[in-house]
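Notes follow the structure.
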Amino acid sequence: MTKKQIITIAGGGSTYTPGIIQAVLNNADRLPLSEIRLYDIDKQRNNDMYLIIRYMIEKEGLTDVTIVATETPEVAFTGCDFVFSQIRVGGMKMREKDEKIPLNHGLVGQETCGLGGFAYGMRSMSGLLEIVEFVQKFAPDAWILNYTNPESIISEAVRRKFPHIKMINACDMTISIEETIAVNYGYDRKNWIPTYYGLNHFGWYTNIYDKELKRDIMPEIIEKLKTQEMQVADFNEGDKTWQEAFQMMSVITKNFPTNIPNNYLEYYLYPDMVVEHTDLNYTRANMVMDGREKNTKEMAEKIRNGVKDDVLNFNFGEHGQYIVDMATSILNDERRRFMLIVPNQGAIPNLRFDAVVEVPAYVGATGVEPISLREPICDFHKGMMEAQVAAEKLLVDAFFEKSYQKALQAFTLNQTVPNARVAKKILDEMIIANKDYWPELR
Ligand code: NAD
Ligand code: G6P
Ligand code: MN
């Protein structure tokens with residue numbers, strides 16, 4: 001009988017917490033639970049989430065599961081088995097600046113891509129390294145399953161400081177792309193074995209083997225993408241940003257029909273189109289604050305006011321299930337397959353050995369076993385990736401060395417940036433905007 005698990009959610013107040021807890025509860029047979037701990041630096045948000053999670057657990061009739069909301073690391077992490085990490089250093093207010101500062105200069109302004117992603121990276125590294133230190137101190141045997149963005153930068157930073165860390169970095173985007181393709185074109189994703197390579201939010205499918213159809217269906221999906229744009233699947237229903245993002249997959253595929261692209265490549269291949277479609281005064285951060293954040297506060301408020309029915313209102317698709325599948329894969333040695341963000345070490349044979357890449361991997365009791373590609377990748381993808389990897393590494397250097405020069409090099413090399421002059425202008429504005437979060441650069 002598996003020991004009942006203690007799960008700590010770092011960033012407990014995150015709007016994604018209810019979706020994750022729902023998946024935990026749905027998988028109680030594979031993930032027996034004794035305690036959920038919500039850890040957050042924002043007491044108000046954490047307490048709101050405590051109410052929502054307690055409501056969910058009471059609805060399920062689970063009287064023996066303890067819920068704790070705390071701002072004290074020792075209480076949050078001591079003796080826990082899994083840490084699900086989803087912090088956002090600086091919150092949506094700083095995300096808004098990440099998006100609007102580059103946009104003001106005519107460049108892509110985005111949460112994880114371009115210079116917004118780099119500014120977020122500089123904030124996020126210190127937050128996540130602190131979480132890792134707490135876990136090392138209070139629960140050294142726990143596994144950290146990380147969703148905190150920007151994932152490639154976080155992963156590079158953590159592995160430099162803690163090379164043997166028990167941490168898995170994962171992104172839900174490939175699963176969301178696959179789900180959207182399956183819903184639009186009439187497939188069952190459960191039959192798929194997809195192969196993919198790239199960096200996080202920067203990659204390509206090479207093959208989608210369908211076990212029922214017994215063939216690679218990527219060529220026919222490419223034909224469909226070229227002629228029939230996708231509609232957002234129900235978990236993103238009515239969401240203009242995601243609708244446009246999935247439409248852009250058709251633009252990319254028409255022009256580069258060798259592979260199915262990750263939708264995030266739009267920021268690197270068609271930054272001009274993206275900027276044209278973005279409202280400078282109302283970016284994604286504004287939409288999320290007026291949508292998910294407000295909605296979460298309302299759910300908590302209803303519970304606080306004693307409302308008993310129709311309180312829960314969320315749909316995060318496969319996001320929660322994906323991280324729960326990772327946990328059960330470790331716990332029960334299930335050896336499921338995921339796309340994971342791992343040190344390259346030859347998985348992509350002709351890409352630098354020390355890059356952080358995203359490739360398929362099996363997960364079991366001993367951790368992650370990445371799958372190596374059988375062939376070298378093409379020069380087009382390799383060239384794009386090498387530049388991006390170098391830029392990310394320079395940013396991580398800048399963080400640890402507190403080096404202005406390295407930060408400027410990173411900003412200049414970022415592929416959404418046309419020249420060093422605008423890179424410097426944006427860097428200098430970001431330094432001021434992030435003065436409470438970034439190390440002081442010299
Ligand atoms: P959010 O702002 O709603 O929630 C984040 C929470 O983290 C907040 O409650 C905040 O108070 C807390 N927090 C911030 N700094 C902290 C720290 N140092 N220690 C503890 N708690 C801290 O953000 P969100 O939209 O729910 O996203 C959360 C994170 O998950 C972000 O990093 C986001 O980019 C990431 N995310 C990743 C994926 C993926 O595929 N990898 C998918 C979705 C979201
Ligand atoms: C996808 C990506 C995440 C990203 C999120 C942003 O899930 O994989 O890495 O954080 O989208 O979504 P949002 O609704 O916050 O813009
Ligand atoms: Mn992601």
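In each ligand, atom 1 is the first atom listed, and ligand 1 is the first ligand listed.
At least one heavy atom of E111 sits less than 4.0 Å from an atom of ligand 1. Within the structure, the closest approach of Y16 to ligand 2 falls below 4.0 Å when heavy atoms are considered. Using a 4.0 Å heavy-atom cutoff, H201 is listed among the residues neighbouring ligand 2. For the ligand labelled ligand 2, residue R95 lies inside the 4.0 Å heavy-atom shell.
Regarding atom 40 (O) of ligand 1, its nearest protein heavy-atom neighbour is D172 N, 2.8 Å. Of the protein's non-hydrogen atoms, the one nearest atom 6 (C) of ligand 1 is D40 OD2, 3.7 Å. Taking atom 3 (O) of ligand 1 as the reference point, the nearest protein heavy-atom neighbour is R45 NH2, 2.7 Å. Counting protein heavy atoms only, atom 6 (C) of ligand 2 is closest to E111 OE1, 3.4 Å. Among all non-hydrogen protein atoms, the one lying nearest atom 27 (O) of ligand 1 is R88 NH2, 3.5 Å. The nearest protein atom to atom 38 (C) of ligand 1, hydrogens excluded, is given as Y147 O, 3.7 Å; this is a heavy-atom distance. Closest to atom 15 (N) of ligand 1 among all protein heavy atoms lies I41 CD1, 3.6 Å. Of the protein's heavy atoms, Q86 O, 3.2 Å lies nearest to atom 28 (C) of ligand 1.
For ligand 1, the polar-atom distance check finds an N/O of S14 within less than 3.5 Å of one of the ligand's N/O atoms. Of the polar atoms of E130, none of the N or O atoms is found under 3.5 Å from an N or O of ligand 1, judged by distance alone. For ligand 1, the polar-atom distance check against R292 finds a nitrogen or oxygen pair separated by under 3.5 Å.
In this structure the side chain of M94 never reaches within 4.5 angstrom of the side chain of Y120, judged on heavy atoms. I330 is not listed as a side-chain neighbour of M326, based on a closest heavy-atom distance of 4.5 Å or more.
With a 4.0 Å heavy-atom cut-off, ligand 1 is reached by no atom of S124. No part of H319 comes within 4.0 Å of ligand 2, judged by heavy-atom distances. Residue contacts with ligand 2, taken as heavy atom pairs separated by less than 4.0 Å, do not involve Y120 at all. Under 4.0 Å from ligand 2, not a single heavy atom of T112 appears.
The contact set between ligand 2 and C171, taken as ligand atoms under 4.0 Å from a residue heavy atom, comprises 8 (O). Atoms of ligand 1 lying under 4.0 Å from any heavy atom of M92, numbered from 1 in the order shown and given with element: 25 (O). Ligand-side atoms of ligand 2 in range of D172: 1 (C), 2 (C), 7 (O), 8 (O), range being under 4.0 angstrom from any heavy atom. Residue contact check: N149 has heavy atoms under 4.0 Å from atoms 3 (C), 4 (C), 9 (O), 10 (O) of ligand 2. Ligand-side atoms of ligand 1 in range of C171: 39 (C), 40 (O), 41 (N), range being under 4.0 angstrom from any heavy atom. Taking every non-hydrogen atom of A170 and a distance limit under 4.0 Å, the qualifying atoms of ligand 1 come out as 41 (N).
With T70 contributing its side chain and A76 its backbone, the two residues share no donor-acceptor pair below 3.5 Å. N46 contributes no side-chain N or O that, together with a main-chain N or O of D42, makes up a donor-acceptor pair within less than 3.5 Å. At least one donor-acceptor pair under 3.5 Å links the side chain of Q110 to the backbone N or O of C113. In this structure, K166 contributes its side chain and D141 its backbone to a donor-acceptor pair below 3.5 Å. Without hydrogens or angle criteria, T15 side chain to R292 main chain gives no donor-acceptor distance under 3.5 Å.
Relative to atom 18 (N) of ligand 1, the option among I87, D42, I9 with the closest non-hydrogen atom is I87. In this comparison of Y39, F84, Y16, Y120, the heavy atom closest to atom 31 (C) of ligand 1 sits on Y120. Among R292, E318, R284, the residue whose heavy atom sits closest to atom 16 (O) of ligand 2 is R284. With distances taken over non-hydrogen atoms, the option nearest atom 2 (C) of ligand 2 out of W242, Y147, Y264 is Y264.
Rounding to the nearest 0.5 angstrom, the gap separating the CD atom in Q136 from the CD1 atom in I144 is 7.0 Å.
Remark: K190 does not engage E178 in a salt bridge, criterion side-chain N to carboxylate O under 4.0 Å. One finds no salt bridge joining E440 and K435 here, because no Lys/Arg side-chain nitrogen approaches an Asp/Glu carboxylate oxygen to under 4.0 Å. A salt bridge links E318 with R189; the closest basic N to acidic carboxylate O contact falls under 4.0 Å. With salt bridges taken as basic N to acidic carboxylate O contacts below 4.0 Å, none links K302 and D310.
Taking the six-membered ring where the residue is Trp, the centroids of Y264 and F202 are separated by 6.0 Å or more. A distance of 6.0 Å or more separates the ring centres of Y267 and H201. Side-chain rings of Y16 and F316 approach one another, their centers coming within less than 6.0 Å.
Under the 30°/60° scheme for interplanar angles, the aromatic rings of H319 and Y147 are found to lie parallel.
Counting non-hydrogen atoms of other residues, nucleotides and ligands closer than 6.0 Å to CD of E237 gives a total of 12 or fewer.
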